[in-house]
Amino acid sequence: MGDGYPLPQGFLFGASTSAHQTEGNNLASDWWAFENRAGSPVAERSGDACDSFERWQEDMQLLRDLGFTSYRFSVEWARIEPVRGEFSQSAIAHYVRMVTHARSIGLEPVVTLHHFTHPLWFAQAGGWSAPDAIDAFERYLDAVAPVIEAGVDTVVTINEPNMLAIMQTMAAGQLPTPTAGGFNDGLPRPDQAIAERIVAGHRAAMAHLRDRHPGVRAGWSIANQCVQHVAGGEQLAHEYRETREDCFVRASRGDDFVGVQSYTRTVFGADGIVPPADDVERTGTGWEFYPAALGEALRHTAELVPGVPIIVTENGIATDDDDARIRYTTGALEGLADAMADGIDVRGYLHWSALDNYEWGHWGPRFGLIAVDRDTFVRTPKPSAQWLGEHARAGRLPSGALVA
Ligand code: BGC
């Protein structure tokens, strides 16, 4: 693997997960309550998930052995503060051990402080709309200080604030819950006040981190829909992109980095979203197979917030066909290499996901580089994991155009 686009020193090359999707039995969280309530619209429960609360060491070792240099995981607020004001020292110690161990085996931990879920008490008190929501979030940030101090250099404050704003709008009863097909017809518009509250939460977290953990680089990670248009769709595309995405990207001005999370594209025509043609390849979530989305997402983000370094905090594909995963990721990494060659400052690539995990209501879509047996929890790296790990080891991206 001597060819390809050479990555700069310190480039993070790894994979991502989130707590609720992998740990299992997050009993005190709002998502657990949502999944388990009578008549829940959620098709499948997270249950034991990947049992990663127990098996995290094995997860990290596999990633390291595959050649990766970084692991993004999240800290579960509901475990740390299961009851308002009652902090679990045992949960904090757990995440401290994760950080220390990751470092000790040569994996740079990228820690997300909030990945979609909340303690149930926070949700019941009104979620991000509650008057004291930001104070509560800051108290949680105080509590996780030992985790950050254990050796975290890169912190994601809030994962996908744009998706979170939509979920919070739904939780407030202002939008219907999506049916099993998810949001394939495009994302509904989040409530403006809720979106602003989440931005304020991020700003408070940034100020908190700068004050308490001055050496840490911090930012948030945004779902990028790669919005495009055909003739007549300009205005709709603009309005959609502005309210579902760009307002959050702009709110990362001045941050140490912004996370780009890219999977597919969304195309507008004069009458709304233009679905992919019938013969277009789709992924396991029904999304268009469109690896070029990543390069385009990077360019769009760099244009909106020039000077803010970027980390690809998620990119991947749900599929049972691992060759398709390699094909998709090759295309995405080529787009990344081209963007970097054009001067876009990208500091890392973290594939979604390390493991086949709980896809918010479903176990069907498999995003993992590593398969997980649902009953025994045995982990089996897929060929795509070996392939991507080799790129991480070599410090090079596949690149059609650029051979160093
Ligand atoms: C989220 C992940 C999710 C992935 C695939 C992102 O929206 O951050 O939690 O599993 O995309 O849908």
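This structure is a prediction, so every number in the text was calculated from the model and none was measured. Order of listing sets the numbers, starting from 1, for every ligand and every atom in it.
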Q. With sequence neighbours excluded, what pairs up with Y328 under the ring-ring contact (aromatic ring centres under 6.0 Å, His included) test?
A. F289
**Q.** Qualifying salt bridge (Lys or Arg N to Asp or Glu O under 4.0 Å) pairs, either residue in residues 140-158, two or more places apart
**A.** R103-D153, D142-R212
At less than 3.5 Å, what protein N or O atoms come close to the N or O atoms of ligand 1? Include the distances to 0.1 Å.
unit_1	atom_1	unit_2	atom_2	d
ligand 1	7 (O)	E160	OE1	2.6
ligand 1	7 (O)	E160	OE2	3.1
ligand 1	8 (O)	H115	NE2	3.1
ligand 1	8 (O)	N159	ND2	2.9
ligand 1	8 (O)	E314	OE1	3.2
ligand 1	8 (O)	E314	OE2	2.8
ligand 1	9 (O)	Q21	OE1	2.7
ligand 1	9 (O)	H115	NE2	2.9
ligand 1	9 (O)	W360	NE1	2.9
ligand 1	10 (O)	Q21	NE2	2.8
ligand 1	10 (O)	W352	NE1	3.3
ligand 1	10 (O)	E359	OE1	2.6
ligand 1	11 (O)	Y263	OH	3.4
ligand 1	11 (O)	E314	OE1	3.2
ligand 1	12 (O)	E359	OE2	2.5

Q.
Filter on salt bridge (Lys or Arg N to Asp or Glu O under 4.0 Å), then keep only pairs touching residues 219-234, sequence neighbours left out; what's left?
A. none
**Q.** R79 charged N/C atom sitting above F53 aromatic ring, 6.0 Å / 45°
**A.** yes
(Q) If you compare all heavy atoms of S18 against all heavy atoms of W352, which two are closest, and at what distance to 0.1 Å? (A) N-CH2, 3.7 Å
Q: Using the six-membered ring of W32, assess whether NZ or CZ of R37 lies under 6.0 Å from its centre and within 45 degrees of the ring axis.
A: no
